[in-house]
Amino acid sequence: MTEPKILVVDIETAPLELYGWKLFDENFSLEQIKSDWTILSFAAKWIGKKRIIYMDTGGRGKAQVRNDRKLMRPLWNLLNEADVVVAQNGRKFDVRKINARLIAHGFTPPSPYRVVDTMLVARRYFAFTSQKLAYTSKTLGVKPKDEHPEFPGFKLWAAVLEDDPRAWPVMRRYNKEDILSTEEVYLKTRAWDQQHPNLGTFAAAEKHICPHCGSENVIGRNGWREIKQQGVYKRYQCKDCGGWSRGKVMQNPIEKRRTQLAY
């Protein structure tokens, strides 16, 4: 048994290029697509490691900016190695977009991994004003999302689509900063996430392991926790991340369970 490999990933994509006649209330057919979306860049980082992995499609001229083939093998290798993948809006966007480009380039699926979507965690457990990374990172006091003032808003994407050499360093910084913000939001919120992959299943130690963060610094707490009328279980708290968990051995004796009534 080894420590779980947790990968934080973020992609930036090229927009669709479409033919249209007006700005509002316009529906586009497939025949109006001039250029389909592709992946422009990705950044990734293993939890517990300092290095941020980054690749983009720049430096080969405007005609090759939308060609993301060279990104696919490194992305596949990273996902294939991961036990858990963390991403902001990862379930709806990043993971599905990556999968779409992988299969389009002829790749088979990487080995299965669990996905932790920091946006869905924020939505599930906290009534923040916004679940966007820019807001949650600021609210939680972690590394803020980069606003790339040199190329504000869509201007950054317009510039990299022209393969502007001044824009790619800004995209690199923006993509990497998103990784750091996402990582810190994840580390700050995972103790609250009762659907987080159980990291204790990766541990070889014959000790209680926090399912949220994998720490062995777990203590038993007074009191019991009822689980769906099945019985009561001892509860524990991690002294590192603060996350709560419970034992899997039912504590109430069978004689007591024989007299219990259920709704």
Problem - Straight-line distance of Glu177 CD to Ser137 OG, nearest 0.5 Å - result: 10.5 Å

Problem - salt bridge (charged side-chain N to carboxylate O under 4.0 Å, His left out) contacts touching residues 90-109 (sequence neighbours left out) - result: Asp68-Arg101

Practice task
Output the rest of the hydrophobic cluster of Val218: all Ile, Leu, Val, Met, Phe, Trp and Tyr residues reachable through side-chain heavy-atom contacts under 4.5 Å, sorted by chain and number.
Solution key: Tyr236

Handout entry: Qualifying residues under side chain to side chain donor-acceptor pair (under 3.5 Å), relative to Tyr113, sequence neighbours excluded
Key = none

Handout entry: Straight-line distance of Met72 CE to Ile98 CD1, nearest 0.5 Å
Key = 7.5 Å

Practice task
Look only at the side chain of Gln237 and the backbone of Gly242, and say whether a donor-acceptor pair between them is shorter than 3.5 Å.
Solution key: yes

Handout entry: Same cluster (ILVMFWY, side-chain, under 4.5 Å), Val115 and Leu187
Key = no

Practice task
Could you tell me whether the side chain of Thr201 and the main chain of Asn198 form a donor-acceptor pair under 3.5 Å?
Solution key: yes

Practice task
Side-chain contact test, heavy atoms from C-beta onward, threshold under 4.5 Å: evaluate it for Lys5 versus Trp46 and give yes or no.
Solution key: yes

Exercise for the section: Decide, yes or no, whether a salt bridge links Lys145 with Asp178 under the criterion of side-chain N to carboxylate O below 4.0 Å. Expected result: yes

Exercise for the section: Side-chain contact test, heavy atoms from C-beta onward, threshold under 4.5 Å: evaluate it for Cys210 versus Cys241 and give yes or no. Expected result: yes

Exercise for the section: Would you mind reporting whether Cys213 and Arg190 have side-chain heavy atoms less than 4.5 Å apart? Expected result: yes

Handout entry: Transitive ILVMFWY cluster of Leu120, excluding itself - 4.5 Å side-chain cut-off
Key = none

Problem - Spacing of NE2 belonging to His105 relative to OG1 belonging to Thr38, to within rounding of 0.5 Å - result: 8.0 Å

Practice task
State yes or no: do Leu180 and Val85 share one hydrophobic cluster built from I, L, V, M, F, W and Y residues joined by side-chain heavy-atom distances below 4.5 Å, directly or via other members?
Solution key: no

Fill in the blank from the handout: Residues Gln32 and Asn27: closest non-hydrogen pair is OE1-O, 3.8 Å

Problem - Nearest heavy atoms of Pro74 and Met55, plus distance in Å - result: CG-SD, 3.5 Å

Problem - Same apolar cluster: Val142 and Ile179, side chain cutoff 4.5 Å - result: yes

Exercise for the section: Keeping to residues at least two apart or across chains, list the salt bridge (charged side-chain N to carboxylate O under 4.0 Å, His left out) pairs with something in residues 22-34. Expected result: Glu17-Lys34

Exercise for the section: Report yes if the side chains of His196 and Tyr186 come closer than 4.5 Å at any heavy-atom pair, otherwise no. Expected result: yes

Problem - Whether Thr57 side chain and Asn67 backbone form a donor-acceptor pair below 3.5 Å - result: no

Fill in the blank from the handout: With sequence neighbours left out, the residues meeting side chain to side chain donor-acceptor pair (under 3.5 Å) with Ser215 are Asp240

Practice task
Using atom types as modelled and distance alone, determine if a side-chain donor or acceptor of Asn77 lies under 3.5 Å from a backbone N or O of Leu79.
Solution key: no

Practice task
Quick one: closest heavy-atom pair of Gly59 and Asp163, and the distance?
Solution key: N-OD1, 2.9 Å

Practice task
Evaluate the side chain to side chain contact (heavy atoms under 4.5 Å, CB included) criterion for residues His212 and Leu199: first the C-alpha distance (whole Å), next the side-chain angles of each, then the deciding distance (0.1 Å), finally the verdict.
Solution key: CA-CA 6 Å; His212 300 277; Leu199 301 188; over 6 Å; no

Problem - Connected via hydrophobic side-chain network under 4.5 Å: Phe93 and Val116 - result: no

Practice task
Applying side-chain contact (heavy atoms from CB on, under 4.5 Å) between Val121 and each of Thr189, Val185, Val86, report the one that passes.
Solution key: Thr189

Problem - Validation row: Val84, Leu7 side chains within 4.5 angstrom (heavy atoms) - result: no

Handout entry: Donor-acceptor pair between Gln88 and Thr118 side chains, under 3.5 angstrom
Key = yes

Completion exercise
Which of Ile11, Asn175, Asp10 passes side-chain contact (heavy atoms from CB on, under 4.5 Å) with Ser41? It is Asn175

Exercise for the section: Run through the side-chain heavy atoms of Ile, Leu, Val, Met, Phe, Trp and Tyr, join any pair under 4.5 Å, and report what else lands in Tyr174's cluster. Expected result: Leu40, Tyr54, Val65, Phe151, Phe154, Leu156, Trp157, Val160, Leu161, Trp168, Val170, Met171

Handout entry: Pairs touching residues 14-37 that satisfy ring-ring contact (aromatic ring centres under 6.0 Å, His included), sequence neighbours left out
Key = none

Handout entry: Validation row: Val9, Leu78 side chains within 4.5 angstrom (heavy atoms)
Key = no

Completion exercise
In this structure, NZ of Lys188 is separated from CD of Glu184 (nearest 0.5 Å) by 8.5 Å

Problem - Pairs where residues 44-63 contributes a residue and the test salt bridge (charged side-chain N to carboxylate O under 4.0 Å, His left out) is met, not counting sequence neighbours - result: Lys45-Glu183, Lys62-Glu162

Exercise for the section: Would you give the length of the straight line joining atom CZ of Phe42 to atom CD1 of Ile53, rounded to the nearest 0.5 angstrom? Expected result: 7.0 Å

Exercise for the section: With rounding to the nearest 0.5 Å, note down the distance linking CG in Asn99 to CD1 in Ile103. Expected result: 8.5 Å

Problem - Side chains of Ile39 and Leu75 in contact at under 4.5 Å (non-hydrogen atoms) - result: yes

Handout entry: Contact check, side chains of Lys248 and Tyr233, non-hydrogen atoms, under 4.5 Å
Key = no

Exercise for the section: Please check if Leu133 and Ile6 belong to a single hydrophobic cluster, counting links between Ile, Leu, Val, Met, Phe, Trp and Tyr side chain heavy atoms closer than 4.5 Å. Expected result: yes

Completion exercise
On a heavy-atom basis, the closest approach of Ala14 and Arg66 is CB-NH1, 3.7 Å

Handout entry: salt bridge (charged side-chain N to carboxylate O under 4.0 Å, His left out) contacts touching residues 164-175 (sequence neighbours left out)
Key = Asp146-Arg173, Glu150-Arg173, Asp164-Arg166

Fill in the blank from the handout: So the ring-ring contact (aromatic ring centres under 6.0 Å, His included) pairs with at least one residue in residues 122-145 (sequence neighbours excluded) are Phe126-Phe128, Phe126-Trp192

Handout entry: With sequence neighbours excluded, residues passing side chain to side chain donor-acceptor pair (under 3.5 Å) with Asn80
Key = Ser111

